[in-house]
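Chain letters run A, B, ... following the sequence lines, proteins first, then strands; residues in each count from 1. Side chains are part of it too, since the values below use all heavy atoms of this structure and drop only hydrogens, waters and symmetry mates.
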There are 2 protein chains.
Amino acid sequence: MTKSKPTVEISATEHKATIAREARRVTSYDVALVAGVSQSAVSRCFKPGASVSKSTYARVMKAASLLDYIPNAAARSLITRRSNMVAVIITNQANLYYPELLAELSQQLTARGKRVLLFTLARETDVDRVLADVWQFQVDGVIAAARLTDLHIAEFERRHMPLVLFNRTLRERAVNTVTCDHLEAGRMLVSRLAAAGHRRFGIIAGTEDSTVANERRRGACERLAELGLPPPVVVPGQSDYRSGGAGLKAIIEQMGRVPDAIICGSDVMAIGCLDCARHELGIDVPGRLSVAGFDAVEPSNWLSYNLTTLRQPMPKMATAAADLLCAVIDRHESQAERRVFSAQFIEGATARLTPVPTPVVATSGGMRALVAIM
Amino acid sequence: MTKSKPTVEISATEHKATIAREARRVTSYDVALVAGVSQSAVSRCFKPGASVSKSTYARVMKAASLLDYIPNAAARSLITRRSNMVAVIITNQANLYYPELLAELSQQLTARGKRVLLFTLARETDVDRVLADVWQFQVDGVIAAARLTDLHIAEFERRHMPLVLFNRTLRERAVNTVTCDHLEAGRMLVSRLAAAGHRRFGIIAGTEDSTVANERRRGACERLAELGLPPPVVVPGQSDYRSGGAGLKAIIEQMGRVPDAIICGSDVMAIGCLDCARHELGIDVPGRLSVAGFDAVEPSNWLSYNLTTLRQPMPKMATAAADLLCAVIDRHESQAERRVFSAQFIEGATARLTPVPTPVVATSGGMRALVAIM
DNA sequence: TTGTATGCGTTATCAC
DNA sequence: GTGATAACGCATACAA
């Protein structure tokens, strides 16, 4: 009986002690030793769909669990050239205003076997600094909700790094993007407001470098021009609450009167504008002034606001971004694709959306606008 | 002239083409070849504080930049046993309500040379599933803003994985924690409200498994009992906006009248409660009813609300968590430490904080409470 | 199905 | 200061 099979448990405990003494990690080789098989057999047991006999599998798994063995992803990625990590580059701003974006992305990517390595930017211009890290960490791909320049994109191509831009576009290059049609959203909003007879518009824009807010503004201005309405008074904003109130005052000052409608580059500014109008200036909204925003952030549908706004279909967009990226990573689809989603109009109650039942006099301008869009 | 030194540039371009043809990554060996040095020399050039001559350094860096070489973090971590990645485990809930937490953590950890690998939980109970991944990815440490059981903690210890709990505690084990003193916050709030003469309290609790909301409730109840005030009517909530309104109605129904004050487990519920009181039930706040919350989320200080609440010092707490974790990782500090921060009282305008200038009759109960806390 | 041998790209150790 | 060489922990081609 010299060849009596060593009890797995005893060997495992002993071996575990040895490993602890040597202060090293548990490796597949250790498991192999305890299970009495080769290291490659262990490796195969942890690869789904590999050919292993039932008995070997059982022995290996038992040993692995006794030793608390977990495969080392770093070593694996070294040889498979897959880290199963995806970098998400997002500005603090974006994360603050759309927390659900990160949650959805994380959820969707996890469902596809990828983990999120987070890169946050204090400013949009910090991209260069984080990109260096992105290359180091050998991520399988990148989802960027930040402004990348043509040069950045070129580097992605040079390094064959799959990339999906989220709510950013770049005309110069063919690149995968997932966006909401902010231009269309801006136009849609103006159409609805104009149809209700609004003529004098004010616009509180987002920060200079916010492409999203810029597109919205551009869409609104375009549509206003098409309808033959007077050009809006546009004032700058920082996309925050304060900018809403400040913007409202600036518009009134510049216009010399309260406008018919104010379009804000984001809901938070719209809420700031609304609060300022109602609680500071005593302006009746929507009686005397209509206020509308974009995004449909959570507070926008609270009773105190019930904001007229346009919703980006974030969950769908996040899913699309994850799909697109994984298609490139897993199936090497190199054709650039753009997935564009439409914003959904939320009526709310801060904008008058039907024409005033004109008593006697209608301004000819108002009527013209009404006709123009019909 | 057979030994003429090959021009670096030409060699680099050639070599780059070779690498591209072989469809492999650029390695330190490639750089060494182009720079005309050994692979170890290249490695040293990328290790801060290593001993390399100026000229070698320059040659290597030039070659590296020509080849677009970036060290492979996976290979590095394999041998250094440092991934420079930190796992952040956070519930979707928490991320939705405190987006600044993740931003701050990311910021602070980046400043310390660590990257955030994100693990989001749909439910607090999903911890088990993500922990398996955490082990795989060889992170250097974990910051967990999720409920871990005693068993989980045991596994962290077994694997020698540095851990910092964020806003969660565990009495059974000595573990690093960063928390806000929610019990104290609950007590503080009751003290202030009681001092103003409030006697009949309602409490809208958070979800069953929210330790944070539970602590707050416990603190409030404790203090009420100490002050000899009647026990509050406690109703459950989901920490969301809807729960605020629903909770208010439930309390009124259960109490048979409008309470003097309602304490909500979170600001969002407080805002829901406030909106319901004012816009649905027409209750004057703070005239007839005081409403208070916790967290000082952004909307809480908007003009429409100006909520009475208590702020958690998130930036400080995030910094503390990063500090604590890095101390364990880098300096192997094994002594468990608890860093507890106090909440800051924000007066706001939704709770009456001074006694009613009693005309003639003061309820003896109210007076007793007043005396008790002085 | 299983084991042997090799390589992934780096850092660390040691001579020189 | 520099270069050879051995790890690190795993996956895979290949032979058995």
Side-chain angles (χ1 to χ4, degrees), chain A residues 15 19 22-61 63-64 67-85 135-140 159, chain B residues 15 19 22-61 63-64 67-85 135-140 159:
Chain A
H15 200 72
I19 293 167
E22 294 172 0
R24 54 186 191 78
R25 306 206 254 223
V26 182
T27 72
S28 57
Y29 187 74
D30 295 313
V31 178
L33 230 55
V34 169
V37 298
S38 74
Q39 181 266 330
S40 46
V42 176
S43 174
R44 278 191 282 265
C45 287
F46 284 89
K47 178 180 175 162
S51 84
V52 204
S53 75
K54 278 243 172 204
S55 75
T56 325
Y57 184 83
R59 294 240 303 289
V60 166
M61 282 316 182
L67 293 177
D68 285 327
Y69 169 75
I70 298 270
N72 183 323
R76 168 180 293 167
S77 79
L78 202 54
I79 187 144
T80 59
R81 294 166 168 209
R82 273 286 155 78
S83 64
N84 292 324
M85 296 192 301
W135 310 137
Q136 284 221 7
F137 279 99
Q138 309 293 126
V139 295
D140 294 339
R159 297 185 183 280
Chain B
H15 200 73
I19 294 167
E22 294 171 0
R24 54 186 192 77
R25 305 207 257 223
V26 181
T27 73
S28 57
Y29 187 73
D30 295 313
V31 178
L33 230 53
V34 169
V37 298
S38 75
Q39 183 269 333
S40 357
V42 177
S43 175
R44 275 192 285 266
C45 286
F46 284 90
K47 178 182 175 164
S51 86
V52 204
S53 77
K54 278 246 170 202
S55 75
T56 323
Y57 183 82
R59 295 240 300 288
V60 167
M61 282 317 181
L67 294 177
D68 286 325
Y69 169 74
I70 299 270
N72 182 323
R76 169 182 293 163
S77 80
L78 201 54
I79 186 135
T80 60
R81 292 160 172 220
R82 273 288 152 77
S83 63
N84 292 323
M85 296 192 300
W135 311 136
Q136 284 221 6
F137 280 99
Q138 308 293 127
V139 296
D140 295 338
R159 297 184 184 278

C:dG9 phosphate, OP1 or OP2: any side-chain N/O from B:Ser28 under 4.0 angstrom?
no
What distance separates B:Arg59 CZ from B:Cys45 SG, expressed to the nearest 0.5 Å?
10.0 Å
Can a side chain N or O of A:Thr27 be found less than 4.0 Å away from OP1 or OP2 on D:dC8?
no
Specify the separation, in whole Å, of atom CG of B:Leu78 and atom P of D:dA6.
17 Å
Whole-Å distance between C:dG9 C1' and B:Ile19 CD1?
13 Å
Residue pair B:Pro71 / B:Phe46: nearest heavy atoms and the distance that separates them:
CG-CD2, 3.7 Å
Indicate, with a heavy-atom threshold strictly under 4.0 Å, whether A:Arg25 touches base, sugar-phosphate, or nothing.
sugar-phosphate
For B:Lys47 and D:dT2, what is the distance between atoms NZ and C1' respectively, to the nearest whole Å?
15 Å
Can you find a pair of side-chain heavy atoms, one from A:Ile70 and one from B:Arg159, that are under 4.5 Å apart?
yes
Examine distances only and state if a side-chain atom of A:Arg25 and a backbone atom of A:Asn72 form a donor-acceptor pair shorter than 3.5 Å.
no
Would you say the side-chain atoms of A:Asp140 pair up with the backbone N or O of A:Ser83, donor to acceptor, closer than 3.5 Å?
yes
Does anything in residues 68-77 of chain B come within less than 4.0 Å of DNA chain C? Heavy atoms only, and list the residues if so.
B:Tyr69, B:Ile70, B:Pro71, B:Asn72, B:Ala75, B:Arg76
For a quick test of your reading: what N or O donor-acceptor pairs under 3.5 Å do the side chains of residues 26-37 of chain A make, sequence neighbours left out?
residue: A:Thr27; atom: OG1; partner: A:Tyr29; partner atom: N; Å: 3.1
residue: A:Thr27; atom: OG1; partner: A:Asp30; partner atom: N; Å: 3.3
residue: A:Thr27; atom: OG1; partner: A:Asp30; partner atom: OD2; Å: 3.3
residue: A:Ser28; atom: OG; partner: A:Gln39; partner atom: NE2; Å: 3.2
residue: A:Asp30; atom: OD1; partner: A:His15; partner atom: NE2; Å: 2.8
residue: A:Asp30; atom: OD1; partner: A:Arg24; partner atom: NH2; Å: 2.8
residue: A:Asp30; atom: OD2; partner: A:Arg24; partner atom: NH1; Å: 3.1
residue: A:Asp30; atom: OD2; partner: A:Thr27; partner atom: N; Å: 2.9

Along DNA chain C (nearest heavy atom to each residue), the more 5'-positioned of B:Val42 and A:Val37:
A:Val37
Does the side chain of A:Arg81 get closer than 4.0 angstrom to OP1 or OP2 of D:dA11 through an N or O atom?
no
Do the side-chain N or O atoms of B:Ser43 get closer than 4.0 angstrom to the phosphate oxygens (OP1, OP2) of C:dT11?
yes
Return yes if a side-chain donor-acceptor contact under 3.5 Å exists between B:Ser53 and B:Thr56, otherwise no.
yes
Using only side-chain N and O atoms of A:Ser53, determine if any of them is under 4.0 Å from OP1 or OP2 of C:dT2.
yes
C:dG3 OP1/OP2 closer than 4.0 Å to side-chain N/O of A:Ser38:
yes
Which part of the nucleic acid, if any, lies within reach of B:Ser51 when heavy atoms closer than 4.0 Å are counted: base, sugar-phosphate only, or nothing?
base
Can you measure A:Ile79 atom CD1 to C:dG9 atom C1' for me and round it to whole angstrom units?
11 Å
Are any of the side-chain heavy atoms of A:Arg76 and B:Gln136 separated by less than 4.5 Å?
yes
When the distance from CZ of A:Arg44 to C1' of C:dA5 is rounded to whole Å, what number comes out?
13 Å
Could you tell me whether the side chain of A:Gln39 has a donor or acceptor atom within less than 3.5 Å of a complementary atom in the base of D:dA11?
yes
For atom CH2 of A:Trp135 and atom C1' of C:dT10, their distance in whole Å
20 Å
Whole angstrom value for the distance that separates P of C:dT10 from CD of A:Gln136
10 Å
Would you kindly give the CZ-to-P distance between A:Arg24 and D:dC10, to the nearest whole Å?
11 Å
Ignoring backbone atoms, establish whether A:Thr80 has a side-chain N or O less than 4.0 Å from OP1 or OP2 of C:dC8.
no
